[in-house]
Amino acid sequence: MPEAGHWSGKSVLVTGGTGFVGRHLTRWLQQEGAQVASVGSRDIDLTSTDEVMRWARGWDPAPAAIFHLAVWAKPGAFALHHAAELFQINTMINANILRAWHERAPRARFIGIGSSCAYPGHLIRMAEDELWNGEPHASVWAYAMTKRMLCAGQRAYAQQYGLDTVHVISTTLYGPGDHFDEASSHVVGALVDRFAMAHARGDRQVVVWGNGTQRRECVYIDDQIDGLLLAAERCRDAVINIGTGVSHSIREIAETIARLCGYRGE
């Protein structure tokens, strides 16, 4: 568990604060007595250098920690069809936040949020020292490379300016407040919605994409927040994974959700 009282009275900035993880993180930090500035895309255009720097000049007090969760992305096949936009927009967001950190809050600890898709596409076991040993999977290549470049940017600022940072890599998340609409949800949320609706309608069959053998490591949102805060408080490694170390097949996940929903069809 995070250290009791560690965040009390501290000024903390959360980008991407209106997203799934950002909402839970903001709520927990506020409960711990932190002074949280939580921003989303409706609050500020993080792709605009001028707007970001004007905003950063108003940081008073300067944050003691910056959790950078902001990202422009959608699940499913979106990354295949929007590779250039994903690269451009996320690169601009990351570059602007890193600059604002250096120029306006150099004493802050910067916690950059990565993604397991940034690992080489052939890996089964994703160990931190394997991050750069091969290309990401072709289906998410451009987006995954922006996550790698965020990690590289954190390292560059730490190297040149002596700033304090850690890059935390997440895996598949689920829990209360998740997205269930298939246009914006990941695998667990999508399957919960699909089986719950099928049960309510009395459908005889539910279609699950793929052959069921693909595997995912799933982390409950409260455990993700615990791990994220522990990494922010204590971790001195450049890169660290948050996970359970146990993966499950899509078939196993689907069958578990079906059972818990009470669904009895095919």
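Keep in mind it's a predicted model, so treat the numbers as computed, not measured. One is the number of the first residue; the rest follow in order along the sequence.
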Closest contact, heavy atoms only, [X] versus [Y]:
X      : Y      : result
Ala100 : Val52  : CB-CG1, 4.0 Å
Tyr220 : Gly175 : CE1-CA, 3.8 Å
Gln224 : Ile242 : OE1-CG2, 3.5 Å
Ser170 : Ile113 : OG-CG2, 3.9 Å
Lys147 : Gly114 : CD-CA, 4.0 Å
Arg104 : Ala56  : CG-CB, 3.4 Å

Hydrophobic clustering (ILVMFWY, side-chain heavy atoms < 4.5 Å, transitive) - are [Y] and [X] grouped together?
X      : Y      : answer
Tyr174 : Phe180 : yes
Ile44  : Ile66  : yes
Val239 : Val71  : no
Ile169 : Ile221 : no
Met149 : Leu163 : no

At what distance, to the nearest 0.5 angstrom, does [atom1] of [X] lie from [atom2] of [Y]?
X      : Y      : atom1 : atom2 : result
Ile124 : Glu130 : CD1   : CD    : 11.5 Å
Asp223 : Leu228 : CG    : CG    : 12.5 Å
Tyr143 : Glu85  : OH    : CD    : 15.0 Å
Ile93  : Asn96  : CD1   : CG    : 8.5 Å
Met92  : Ser48  : CE    : OG    : 7.5 Å
Ser38  : Asp43  : OG    : CG    : 8.0 Å

If you count the non-hydrogen atoms of other residues, nucleotides and ligands that lie under 6.0 Å from [atom1] in [X], is the total more than 12?
X      : atom1 : answer
Gln31  : CD    : yes
Arg23  : CZ    : yes
Arg42  : CZ    : no
Arg264 : CZ    : no

Quick one, [X] and [Y] - any side-chain contact, counting heavy atoms below 4.5 Å?
X      : Y      : answer
Pro106 : Tyr161 : no
Thr172 : Cys218 : yes
Thr18  : Thr26  : no
Phe110 : Leu98  : yes

Would you say [X]'s side chain and [Y]'s backbone share a donor-acceptor pair under 3.5 angstrom?
X      : Y      : value
Thr171 : Glu217 : yes
Thr15  : Leu69  : yes
Arg148 : Leu131 : yes
His248 : Ile253 : no
Asn241 : Met126 : yes
Trp101 : Ala108 : yes
Asp193 : Ala190 : no
Arg215 : Ser247 : yes

Of [options], the residue whose pairing with [X] passes side-chain contact (heavy atoms from CB on, under 4.5 Å):
X      : options                : value
Val219 : Leu173, Ile225, Asp226 : Leu173
Phe67  : Leu13, Leu25, Val36    : Leu25
Trp72  : Leu46, Thr146, Leu86   : Leu86

Ring centres under 6.0 angstrom apart (Phe20, His24):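 Yes, the ring centres sit under 6.0 Å apart.
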
Scan the side chains in residues 150-159 for donor-acceptor partners under 3.5 Å anywhere in the protein, sequence neighbours excluded, and list what turns up.
| unit_1 | atom_1 | unit_2 | atom_2 | d |
| --- | --- | --- | --- | --- |
| Gln154 | OE1 | His167 | ND1 | 2.8 |
| Gln154 | NE2 | Thr165 | OG1 | 2.7 |
| Gln154 | NE2 | Val166 | O | 3.0 |

Donor-acceptor pair between Asp45 and Thr47 side chains, under 3.5 angstrom: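 Present: a donor and an acceptor within the cut-off.
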
For Glu32, all residues meeting side-chain contact (heavy atoms from CB on, under 4.5 Å), sequence neighbours excluded: Trp7, Trp28

Cationic tip of Arg107 above Trp59 ring, under 6.0 Å, 45° of axis: no

